[in-house]
Amino acid sequence: MNIQKARAFFSRAIAGLALILFFPSAGFCGGATPQHVALNMQLGIDNSDPDLFAAQLDFASIMRDAVDFMVRESKKPENAAAMPPAMALVFSSIGESREARERMVGLFTSETKEFVLYGVRSGAFAGKTPAAQTRPGGFLAPLFSDASMGRKQITIKGPSSSLAEGLVSLPVNVYDHESGYNYPVTLVLRKSADGWIVERIANLDQLSRQIRKEASSAR
């Protein structure tokens, strides 16, 4: 994989995960069942309602898990040279520092929020043409520059399964109508006072391998 395609991999990886790494807000409750969470996420997309979409997620928990995953990915030799320079600098500065890790979580929180707010609220993720054509800027904007802004469709692929500590898993599929790719996503949910919410994504490694394969085949 050449450098340009490899960097496209990181762009697509982060942008793809951004769909489910969204900033939560008050005013809505989680789903009455794990299945309702997935249905509410899709309803939020279709209605260009980022608040409803966001209320289904524990963003802080998901984001910390995602940052840890990206740090591990950045340390792999095949990925280090392929990362955009700014991203390589940010990840290399984390090391074992808790403070640096929290700064990274904050950075991804802010930038992902801005990107997904645009995609959901503008109607782009519902397959509509946004009135404003300018995408959000920011420190990580280059990673989102090649991201698909087409319709995103979430469908439930099977029953939920019980895990330890009261958690459950729910398999869903995210279909990107612009790229034509399907992404199998395993949601891990927990019961909160307001209903079920997504705590983390169980198959980040699988999604990473799939996106890497797509980027390689597009050469």
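Starting from 1, each residue takes its place in the sequence as its number.
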Can you list the steps and then say if Asp49 with Arg121 is a salt bridge (charged side-chain N to carboxylate O under 4.0 Å, His left out)? CA-CA 6 Å; Asp49 187 342; Arg121 183 171 291 156; over 6 Å; no
Taking 4.0 angstrom as the limit, do Arg200 and Asp58 come out as a salt bridge?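 Result for this pair is no, no salt bridge flagged.
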Counting N and O atoms only, with roles assigned by atom type, does the side chain of [X] sit under 3.5 Å from a partner on the main chain of [Y], one being a donor and the other an acceptor?
X	Y	answer
Asn203	Thr186	yes
Ser61	Glu199	yes
Gln42	Ile154	yes

Residue pair [X] / [Y], side-chain heavy-atom distance below 4.5 Å:
X	Y	result
Asn182	Val174	no
Phe69	Asp205	yes
Lys157	Pro184	no
Leu57	Ile62	yes
Val37	Leu170	no
Tyr183	Asn173	no

Please say yes or no: joined through hydrophobic side-chain contacts below 4.5 Å, possibly via intermediate residues, are Ile201 and Val172 part of one cluster?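 Linked, Ile201 and Val172 end up in one cluster.
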Only one of Gln153, Lys128, Arg151 clears side chain to side chain donor-acceptor pair (under 3.5 Å) with Asp46; which?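 With Asp46 as partner, side chain to side chain donor-acceptor pair (under 3.5 Å) holds for just one option, Arg151.
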